[in-house]
Each structure stands twice: as structure tokens, then as C-alpha cells.
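Scroll down for the structure; my scribbles are underneath it.
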Number of protein chains: 2
Amino acid sequence: MLSKKTKYGLKALAYLASKKDRQPVQIAEIAKHENISQKFLESILLSLRKTGLLGSKKGKGGGYYLIKKPSEVLMTDVMRILEGPIAMVPCVSLNFYEKCDDCPDEGACSVHKLMLQVRDSALEVYRNNTLKDLIS
Amino acid sequence: MLSKKTKYGLKALAYLASKKDRQPVQIAEIAKHENISQKFLESILLSLRKTGLLGSKKGKGGGYYLIKKPSEVLMTDVMRILEGPIAMVPCVSLNFYEKCDDCPDEGACSVHKLMLQVRDSALEVYRNNTLKDLIS
DNA sequence: CCATTACCCTATCGACTTAATAGAGTTTAC
DNA sequence: GTAAACTCTATTAAGTCGATAGGGTAATGG
């Protein structure tokens, strides 16, 4: 299940991308427009800024803004930042690999093989989608 | 993230499918072979029986067994029983549809569009895999 | 230079889910 | 009729999620 964090984060990014200019947008404006708890959104935008997707400007007239062009923001990056691993099990994760403690042999694991396919199919979707695709 | 329930359920099904005959297999044997808590596995097998994937035989020499041939057991069915919705958000779920409370217009929702693609790609994987594919 | 605006951070909370455990009950084979 | 094995209910510990509260800090404009 997609977490609210990811859902809200995607909506916020899409909202920012829909703006023609790249002027800072206040948290309050995004929260109101997308029906999101402002405080919760605050923490989400913060993590997007820390990972380099967003920039922020403080003080009067401040807010958050996209650093890159919408067409340059890949969904793979966005999803990994917001949701974490794209794979459904750590043992097939490219960026968050971990061995299963209960599985003696990955090569022989039936779950492993299936989840590899699921991961690849999801990756393909995310690789073929940028922020620009989301708003058009 | 894939739940342990699903993971264990898949492993148990694969184990049953790997048996040549369709004689009942005891819970204890499956649990031991797959490193699963026996009691937890019990409840999983029970739900697989209630949904028609497995049959069970009580008493001495009893156990669980596959009702259909491995090649006839679709992963779409298995995943829906064990994990629930394949979609990551209820508003794009075929079998568990629900409207998002925060989303006024699905057609205009950026998350909706992306998650539709993810669902379809996952569905395609599950539709192209049966229990037989898991063990070969 | 200072007040306002808006970002930044920490802590807490209740609700919910998950994974596991315990224990008793029931059915069937032999 | 007894033992083996499935069936069911209840409980629990741990963890996660979404949300909230409240204060701290930095920068802008006048």
C-alpha cells in the first residue's frame, strides 16, 4: 500500500510542477490546494529538499520550488525518496539489498524469482515517467 | 513491502506444488522445511483452504494438499488472497475499489495515473505466472 | 534593525497492523 | 477409543503511520 507520505509528496511535487514559473510556493498554499495536513506536508517537503529534489527560500515571499525541470525528475528517484525500496522484498532490491534471514538459497527461492519480475516491471514504469508526465 | 504472511504462503504453496503426488502434507513438515513458525503457518494455510486453493484432510495421515494443478493456479488469485489488493491505492484497485477521501477528481489526479500503470504492470506479471512457474 | 514571515526541528500520541504464541476444541484414521 | 492432525479463538508485544503541538531559527522587507 502506498503511504500517505508518498501520496502527498507526489501531489505536492505535481502541484509545484504545474506552476509555470519557478517562484517559491508556500507550504500553506500547497496544503490547502491538495487537502493535506500542513504540518505533515512540512516534514515531507523537508525530506524532498534534503535529498535535492526541492529548494527552499526562507522569509517573506519564501516557500518551496523545484530545482530541476519537471521532465528531468524521474519517478524512480521520487519513489525511492518518498516510499523507500521499489522492490517488495529486500533480497531483490537494487538500492536497499538485504539477505532474507529465513532463506538459505536465493537462487532456489520461489518468492525471489517472482518478486524480481514484479520489481522490474515497476521499475520500467517509474523509469518511463517523469514529473512532467504526471501533470499532462 | 511484502508481508510475511504472503511470503510464507507462497513458499508453502511452492513446496506443495513441488511434491509429485498430491498426498496431504502435514503443517509441521512444511513449517520445518521452509523455516516458518508452525502456528503462524497454520493460520495462513487455513485461509488458503477457505478460499479454495487448498484442501485439507484431518486425522492421522492428514494435512494440506493442492486442489488444482500447479499450472492452473494463477498468481493473481494467490496474491489477492494472501496480500490483498494488487494496486497500491484503493482508487485504482479492480477488486477492492474505494474512492480516495482527499481526492476530488480521480481523472485529474496525478497519483492516480501513475498508480494505474504500476497496477497494470504488476497484474501482467502475476497473470503470466502460475504456481508451476514458481518451482521450475 | 526589527518585526514578520516562513522554514526547520523535536517530541509525542493514539490507532492500527503485523507476526507470533498459547491453548483449547474437533475430526478422522486405524 | 485414542492418538494424530487440523481448526478456531484470543492475546500480546512490537512496530509503523498519520497527525499534532510547540517552539526555534533564519531571512526578507520596510
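Below, read A as the first sequence line, B as the second, and so on, with proteins coming before strands; counting in each chain starts at 1. Bear in mind that the values here come from a model prediction, so they are computed numbers and not experimental data.
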[X] [atom1] to [N] [atom2], straight-line distance once rounded to whole Å:
X      : N      : atom1 : atom2 : result
A:Q23  : D:dT28 : CD    : C1'   : 14 Å
A:L2   : D:dT16 : CG    : P     : 18 Å
A:N35  : D:dA19 : CG    : C1'   : 15 Å
A:E83  : D:dT16 : CD    : P     : 14 Å
A:I44  : D:dG18 : CD1   : P     : 9 Å
B:D101 : D:dA19 : CG    : C1'   : 14 Å
B:R49  : D:dT7  : CZ    : C1'   : 8 Å
A:K4   : D:dT16 : NZ    : C1'   : 15 Å

Less than 4.0 angstrom from a charged side-chain N to a carboxylate O is my criterion; do A:E29 and A:K19 meet it?
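Salt bridge flag = yes for A:K19 with A:E29.
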
Are B:D102 and A:K11 close enough for a salt bridge, meaning some N to O gap below 4.0 Å?
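A:K11 and B:D102: salt-bridged.
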
Is a donor-acceptor pair below 3.5 Å formed from side chain B:E42 to base D:dC6, judging by atom type as modelled?
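Counting by modelled atom types and ignoring angles, no donor-acceptor contact under 3.5 Å is found here.
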
Could you tell me whether B:L45 contacts a base, only the sugar-phosphate backbone, or nothing, with contacts defined as non-hydrogen atoms closer than 4.0 Å?
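No contact.
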
At under 4.0 Å between heavy atoms, what does A:K7 touch on the DNA or RNA strands: base, sugar-phosphate, or nothing?
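No contact.
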
Is any side-chain heavy atom of [Y] closer than 4.5 Å to one of [X]?
X      : Y      : answer
B:Y126 : A:V118 : yes
B:L2   : A:V111 : yes
B:L45  : B:I30  : yes

Between B:G59 and A:K5, which is nearer to the 5' end of DNA chain D once each is assigned its nearest nucleotide?
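Upstream on the strand: B:G59.
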
Taking only side-chain nitrogens and oxygens of [X], does any of them come within less than 4.0 Å of OP1 or OP2 of [N]?
X     : N      : result
A:K39 : D:dG22 : no
B:S43 : D:dT7  : no
A:Y8  : D:dA19 : yes

Between A:L16, A:L13, A:I67, which is the residue that forms a side chain to side chain contact (heavy atoms under 4.5 Å, CB included) with A:L53?
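Exactly one pass, corresponding to A:L13.
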
Taking 5' to 3' order, which nucleotide of DNA chain C is first and which is last to have an atom within less than 4.0 Å of a heavy atom in chain B?
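Nucleotide range with atoms under 4.0 Å of chain B: C:dA19 to C:dA29.
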
Sidechain-backbone polar pair: A:K113 side chain, B:S136 backbone, donor-acceptor under 3.5 Å
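Yes, because the side chain of A:K113 sits within donor-acceptor range (under 3.5 Å) of the backbone of B:S136.
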
